[in-house]
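Let me begin by presenting the structure, written as structure tokens, before commenting on it.
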Protein chains: 2
Amino acid sequence: MPTRDAAALRREAARAYDAYLASCPARQLVDRISDKWVTLILPALADGPQRYSDLSRRIAGVSQKMLTQTLRSLERDGLVTRHVTPSVPVRVDYELTPLGLSLMPLIACIKDWAETHMDQVAAARQDYDSASSTTGAKV
Amino acid sequence: MPTRDAAALRREAARAYDAYLASCPARQLVDRISDKWVTLILPALADGPQRYSDLSRRIAGVSQKMLTQTLRSLERDGLVTRHVTPSVPVRVDYELTPLGLSLMPLIACIKDWAETHMDQVAAARQDYDSASSTTGAKV
DNA sequence: CAGGATCCGATATGATACTG
DNA sequence: CAGTATCATATCGGATCCTG
């Protein structure tokens, strides 16, 4: 039954590839910055240290769950520091590390490309969509 | 019932923010390149035009569904072209557009930062994980 | 104030089967 | 060969309740 074998082989290949990807630094970085909240939190921290509640207010629409979870992962990755002041009530400040700061130019690069080329992308999308509606595709 | 109102306000803010984000070019770009398969397909096409089956073979572990879907979205965004040769059986070639090509330096930038700094990230993770296991957190 | 725990629905992705 | 269509599921993110 060659079909089964082919499927099994493909699955194995997929697993191996996943493992390879997991070890790829660029892949890991992309995974990190592709997180919706990461790209919002890092710039928010670029101005300087922020309290948890400040972040929560500045980044409208983030749930505590996501804010906490994202901050934790950023802390784990050494991109931000978490400083607890044991007052009553407690106060927690988050701040970019030098490593986190070094990421900002890259974010600027991305922003740059986006602002230069995304209008072309938008135009291409319009073309594509109007063309397919012409050829009878469902809208 | 102030609690209801606060929750409702937050939801509205979240919606508004989502709308704002959707209009942000950088956000759109990040969304695009954050796609697992996009970052695999684009480099695969950097060498020159590739047939569907070639891509499918080069990118081990991609399902036809994801390959087709990703290629379609890239075509829609004007990053790749799709050229059909109506032979029997049909032959379809995908190729990077100039716009798609212009994205490669950015990908190189990302790769660059990753290769320079991801070891620090990895180290930070180890520190973080060993520290939390010391303080009695569950492993 | 900051965040842990839990439940639940939306979305994304993969496997599988079928087609021009 | 190059897809399309359908189904199952896994993960993500949000809402909600609770605590030091």
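Note that these values count all heavy atoms, side chains included, but never hydrogens, waters or copies made by symmetry. Throughout, protein chains are lettered first and strands after them, A, B, ... in sequence-line order, and every chain is numbered starting at 1.
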Exercise. Do A/R51 and A/R91 have side chains that get closer than 4.5 Å, going by heavy atoms?
Worked result: yes
For this session: Taking the side chain as every heavy atom from C-beta outward, state whether A/V62 and A/L40 have any atom pair closer than 4.5 Å.
Result: no
Exercise. With respect to the phosphate group of D/dG3, does any side-chain polar atom (N or O) of B/R82 fall under 4.0 Å of OP1 or OP2?
Worked result: yes
Exercise. If only side-chain N and O atoms of B/R91 are considered, is one of them under 4.0 Å from the OP1 or OP2 phosphate oxygen of D/dG3?
Worked result: no
Exercise. Whole-Å distance between D/dG3 P and B/R57 CZ?
Worked result: 14 Å
Exercise. Does B/M104 belong to the same Ile/Leu/Val/Met/Phe/Trp/Tyr cluster as B/L74, with side-chain heavy atoms less than 4.5 Å apart forming each link?
Worked result: yes
For this session: May I ask you to verify if any side-chain N or O of B/Y52 is less than 4.0 angstrom from the OP1 or OP2 atom of D/dT4?
Result: no
Problem set entry | Residue pair B/I41 / B/V80, side-chain heavy-atom distance below 4.5 Å | no
Seminar exercise, completed: Rounded to whole Å, the CZ-P distance (B/R72 to D/dA2) equals 12 Å
Seminar exercise, completed: Nearest-nucleotide check on DNA chain C, A/Q64 vs A/V90; residue mapping nearer the 5' end is A/V90
Sub-3.5 Å pairs of nitrogen or oxygen atoms, protein against nucleotides 10-13 of chain D:
from	atom 1	to	atom 2	distance (Å)
D/dG13	N7	A/K65	NZ	3.2

Exercise. Does a nitrogen or oxygen in the side chain of A/R51 sit under 4.0 Å from OP1 or OP2 of C/dA2?
Worked result: yes
Exercise. Taking atom CD of B/Q126 as the centre, does the number of heavy atoms from other residues, nucleotides or ligands within less than 6.0 Å exceed 12?
Worked result: no
For this session: Specify the separation, in whole Å, of atom CD1 of B/I41 and atom P of C/dT13.
Result: 12 Å
For this session: Grab the two heavy atoms, one from B/L29 and one from A/I110, that are nearest each other, plus how far apart they are.
Result: CD2-O, 3.4 Å
For this session: For B/I59 and C/dT13, give me the distance from atom CD1 to atom C1', rounded to whole Å.
Result: 16 Å
For this session: Could you tell me whether the phosphate oxygens of D/dC1, OP1 or OP2, come under 4.0 Å of any side-chain nitrogen or oxygen in B/S87?
Result: no
